[in-house]
J.: 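One structure coming up, written as structure tokens, with questions to follow.
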Amino acid sequence: MIEITLPDGSVKEFPVGTTAYDIAMSISEGLARNSVGAVVNGEYYEINKPIINSSEVKIATFNDDDGKQMFWHSSAHLMAEALQVLYPGTKFGIGPAIENGFYYDVDLPDGTKITTEDLPLIENKMKELAKNNSTYNMSESSWEEAMEYYQQAGNEYKVELIEGLKGQKITFCKHGGFTDLCRGGHIPNTGIIKAVKLLSVAGAYWRGNSDNKMMTRIYGITFPKQKMLDEFIQLREEAEKRDHRKLGKELELYMITQNIGGGLPVWLPKGTTIRRILEDFLKKELLKRGYQEVITPHIGNLNLYKTSGHYPYYSESQFSPIKVEEEEYMLKPMNCPHHHQIYASKPRSYRDLPLRLAEFGTVYRYEQSGELSGLSRVRGFTQDDAHIYCTHEQLKEELINAVDLTQLVFKTFGMQVTTRLSFRDDNSDKYAGDPEVWEIAQKEIKEVADMMQLDYFVGLGEASFYGPKIDFIVRDAIGRKWQLGTVQVDYVMPERFELEFMGSDNQKHRPVIIHRAPFGSMERFISILIEHYAGNFPFWIAPVQVSVLPIGQNQNEYCEGIYTKLKDLGFRVEIDTRSEKVNRKIAESEQMKIPFAIIAGQKELENGTVSLRQHGKGDLGTKTLEEIVEMFNSLNVPGSSQH
RNA sequence: GCUGAUGUAGCUCAGCUGGUAGAGCACGUCCUUGGUAAGGACGAGGUCACGGGUUCAAGUCCCGUCAUCAGCUCCA
């Protein structure tokens with residue numbers, strides 16, 4: 001007998017060679033019916049794979065992440081089988097489960113191309129094959145046998161994968177007429193895949209390396225029930241409505257025109273208002289926290305960037321230098337070197353530190369054309385940048401302050417973030433500076449993260465070339481991840497720019513630099529903000545807070561008075577005196593997602609009152625202007641989530 | 001930059017297998033002065049992304065370029 005420990009901690013005895021299915025049955029028939037596989041000591045097991053030793057066992061169903069992974073991994077096999085039938089000679093690369101579904105990278109036979117139009121065909125073949133209820137059968141062979149198999153099959157991709165598994169037993173998975181190199185962890189049979197949707201087809205470099213051949217990647221998702229697929233599709237459609245590129249146009253926040261240039265967003269009046277509100281909010285915080293604001297030019301001498309090392313390190317992603325009177329200038333790709341010049345402009349004493357220089361600095365980077373996307377990825381953007389020059393002793397406290405400010409920003413806007421400690425990859429030579437100093441910097445960052453009880457993960461190889469970072473990452477409406485805020489430790493630039501301060505010991509010392517930007521880029525932050533609120537900005541951010549709508553032209557004058565009063569009080573207000581019906585005016589006010597509409601007809605004019613309507617909620621009834629102003633004042637504070 | 005898809009009026013989109021461009025909204029003028037999500041009439045508006053080619057004839061077919069979208073690579 002062996003002992004099986006279940007997730008709730010209970011331990012049961014089973015005979016040697018029992019299966020997850022037997023264990024599930026012993027709990028309930030329903031669980032057994034819904035189980036798609038099992039996690040045995042952290043490894044994925046098929047439901048019928050014998051368990052030999054005492055183990056921790058978790059039964060996986062489609063309702064948990066492990067179950068989904070097995071389901072989608074198995075679905076990738078099914079898609080591969082369909083592709084093999086439809087496009088004989090296809091070579092298969094890798095086909096993993098991902099967060100929402102799966103993909104398979106394939107190398108199609110010469111002359112074959114798969115486009116979006118072909119996807120339904122493949123879908124149908126998958127559904128057809130699924131109905132065969134084929135089981136996923138695992139088998140094992142020696143490394144040499146496996147190698148020979150794929151060498152004969154002429155599949156250089158699998159050969160490469162097997163090379164990486166030298167000396168190990170190789171496992172295969174076979175279902176229907178398809179055999180694949182596979183570690184294991186499958187659903188009981190193809191028949192439980194009831195709903196199939198192939199989502200997109202795109203190119204993907206083999207092994208993620210742009211020097212390698214580009215394969216065809218097909219993304220798909222499957223479900224055990226059609227209803228689940230319907231819900232998934234509906235959710236996706238809802239998400240697309242939040243897309244900032246769509247809302248940005250509809251709400252007249254920004255535009256991008258080729259006449260100015262791709263990736264160079266133009267802020268329209270309403271978008272500019274939002275941006276100014278965010279800047280005002282942050283500037284106030286910065287002053288409280290001892291920052292000093294500076295302004296530096298948009299271009300700088302190329303020598304600066306040679307000193308910093310950004311040029312030529314990033315020369316591929318910078319605009320070409322501009323030659324003027326025998327000197328070369330760069331559109332600044334970052335603000336740091338300019339701030340370092342301010343630091344270096346006079347002798348500094350330890351008494352001056354920490355010196356915190358802040359700038360909403362606009363930088364220009366040559367991003368590859370295929371990368372540009374709305375406000376998220378652009379060629380010109382403004383960082384809410386600052387550089388903190390401090391002593392080593394002050395570093396931790398300053399890091400804590402910087403992280404705290406970043407957290408305040410996300411809290412103020414109610415945004416969910418994940419935190420990444422971005423560390424160096426020891427196997428890479430892209431980093432500047434002494435590895436030992438890196439170790440220290442990373443240790444300091446980790447200590448701060450622990451001290452502040454950040455819920456973080458470590459990203460190796462995610463550091464910048466001059467130092468480790470704490471990055472704050474959010475998702476956009478369609479699930480893509482973007483880095484927003486960042487706090488970085490830098491021992492390299494003080495060396496390169498020979499920054500110094502006079503210590504209390506009358507000796508010269510190097511300061512440490514913290515680079516930090518809570519919003520990150522104003523453009524990207526606002527793109528996320530638009531999607532976060534689905535364009536329904538809270539009152540304090542809304543570019544137009546209230547629209548005044550006279551019912552008939554007889555009330556235009558009365559409404560002008562209200563409009564002027566609100567405007568004088570500092571509210572962002574619009575008035576619509578057109579000879580349109582009030583329904584039309586309301587519709588347009590709602591469509592522009594303006595938080596409130598003040599409506600006045602003959603009745604209100606005679607009583608000296610107004611009627612108030614809230615966006616998305618409807619008529620709030622008759623009020624006096626005083627009541628409304630009081631309410632608006634209470635809503636008009638940073639961090640207020642009310643609309 | 002790479003792979004694939006797409007590009008028609010300010011916006012959203014129609015335009016079947018080639019036969020000389022349409023709708024709704026927006027815009028302008030006029031009528032209408034209305035009670036909580038779109039009142040009516042008329043009008044103006046397009047080198048069908050751009051450049052070549054095939055054809056008697058190209059928005060439609062072919063090639064190239066540019067841009068947008070999805071993904072890959074990259075991201076100080």
Side-chain angles (χ1 to χ4, degrees), chain A residues 103 105 108 113-119 199-219 240 243 245-246 249-250 252 255-258 261-263 305 308-311 313-314 316-318 332-337 363 365-374 376-377 383 385 430 432 462-467 469 478 480 482-483 486 488 490 492-493 515 517 521 524 549-556 577-591 597-604 611-621:
Chain A
Y103 67 79
D105 284 348
L108 294 160
K113 262 184 196 170
I114 289 180
T115 72
T116 335
E117 288 170 15
D118 302 317
L119 296 182
L199 300 166
S200 66
V201 49
Y205 299 110
W206 169 241
R207 303 218 124 176
N209 186 332
S210 55
D211 296 331
N212 290 344
K213 180 166 182 179
M214 180 157 276
M215 304 181 81
T216 304
R217 175 175 295 182
I218 304 172
Y219 284 90
E240 278 163 19
D243 192 316
R245 290 165 296 190
K246 190 173 155 62
K249 194 182 277 179
E250 285 169 6
E252 298 177 356
M255 58 178 245
I256 291 174
T257 163
Q258 295 317 308
Y305 309 101
S308 72
H310 289 95
Y311 186 94
Y313 187 88
Y314 288 109
E316 293 288 299
S317 49
Q318 291 170 351
K332 72 174 168 183
M334 81 294 300
N335 302 301
C336 349
V363 297
R365 297 176 183 176
Y366 175 76
E367 302 286 1
Q368 299 183 117
S369 56
E371 266 309 328
L372 302 178
S373 178
S376 314
R377 192 78 185 262
Q383 297 175 315
D385 210 355
K430 73 168 190 174
E462 300 287 350
S464 69
F465 78 92
Y466 53 73
K469 317 183 277 174
I478 45 182
R480 291 180 294 202
W482 299 99
Q483 181 196 308
T486 181
Q488 315 177 350
D490 178 6
V492 171
M493 294 303 153
H515 306 240
S521 126
R524 184 177 287 178
L549 312 178
I551 287 174
Q553 306 250 291
N554 284 339
Q555 297 91 43
N556 276 359
T577 54
R578 293 173 307 167
S579 70
E580 286 294 343
K581 294 180 79 167
V582 73
N583 274 351
R584 156 66 73 101
K585 298 181 185 180
I586 289 168
E588 289 180 7
S589 178
E590 290 282 351
Q591 223 162 36
I598 284 177
I599 300 165
Q602 199 55 31
K603 202 170 65 194
E604 287 79 7
S611 168
L612 187 66
R613 182 190 165 94
Q614 188 167 12
H615 169 57
K617 295 213 172 111
D619 194 357
L620 297 186

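Every chain is numbered from 1, with letters handed out A, B, ... down the list of sequences.
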J.: Show each protein N/O and nucleotides 4-11 of chain B N/O combination with a separation under 3.5 Å, one pair to a line.
T.:
residue: B:rG4; atom: OP1; partner: A:Lys113; partner atom: NZ; Å: 3.1

J.: For the side chain of A:Arg377 and the base of B:rC74, is some donor closer than 3.5 Å to an acceptor across the two?
T.: yes
J.: Test for a donor-acceptor pair under 3.5 Å between the base of B:rC69 and the side chain of A:Arg245, counting only N and O atoms.
T.: no
J.: Give one of base, sugar-phosphate or nothing for A:Glu604, where a contact means two heavy atoms less than 4.0 Å apart.
T.: base
J.: Give A:Tyr219 one of three labels, base, sugar-phosphate or nothing, depending on what nucleic acid heavy atoms sit under 4.0 Å from its own.
T.: sugar-phosphate
J.: Using the six-membered ring wherever Trp is involved, compare the ring planes of A:His310 and A:Phe465 and label them parallel, tilted or perpendicular (cut-offs 30° and 60°).
T.: perpendicular
J.: If you go through the side-chain atoms of A:Tyr205, does one of them form a donor-acceptor pair with the base of B:rG1 closer than 3.5 Å?
T.: yes
J.: Report, one pair per line, the protein and nucleotides 39-49 of chain B atoms (nitrogen or oxygen only) whose separation is under 3.5 Å.
T.:
residue: B:rG39; atom: OP1; partner: A:Arg584; partner atom: NE; Å: 3.3
residue: B:rG39; atom: N7; partner: A:Glu580; partner atom: OE1; Å: 3.4

J.: Is it the case that B:rG34 (base atoms only) and A:Gln602 (side chain only) share a donor and an acceptor within less than 3.5 Å, ignoring hydrogens and angles?
T.: no
J.: Base, sugar-phosphate, or nothing: which does A:Ile478 touch, judged by heavy atoms less than 4.0 Å apart?
T.: sugar-phosphate
J.: Counting any heavy atom closer than 4.0 Å, what does A:Leu372 reach on the DNA or RNA strands: base, sugar-phosphate only, or nothing?
T.: sugar-phosphate
J.: Would A:Ser373 and A:Arg245 count as a side chain to side chain contact (heavy atoms under 4.5 Å, CB included) if you check the C-alpha gap in whole Å, the side-chain angles of each, and the deciding distance to 0.1 Å?
T.: CA-CA 8 Å; A:Ser373 178; A:Arg245 290 165 296 190; 3.4 Å; yes
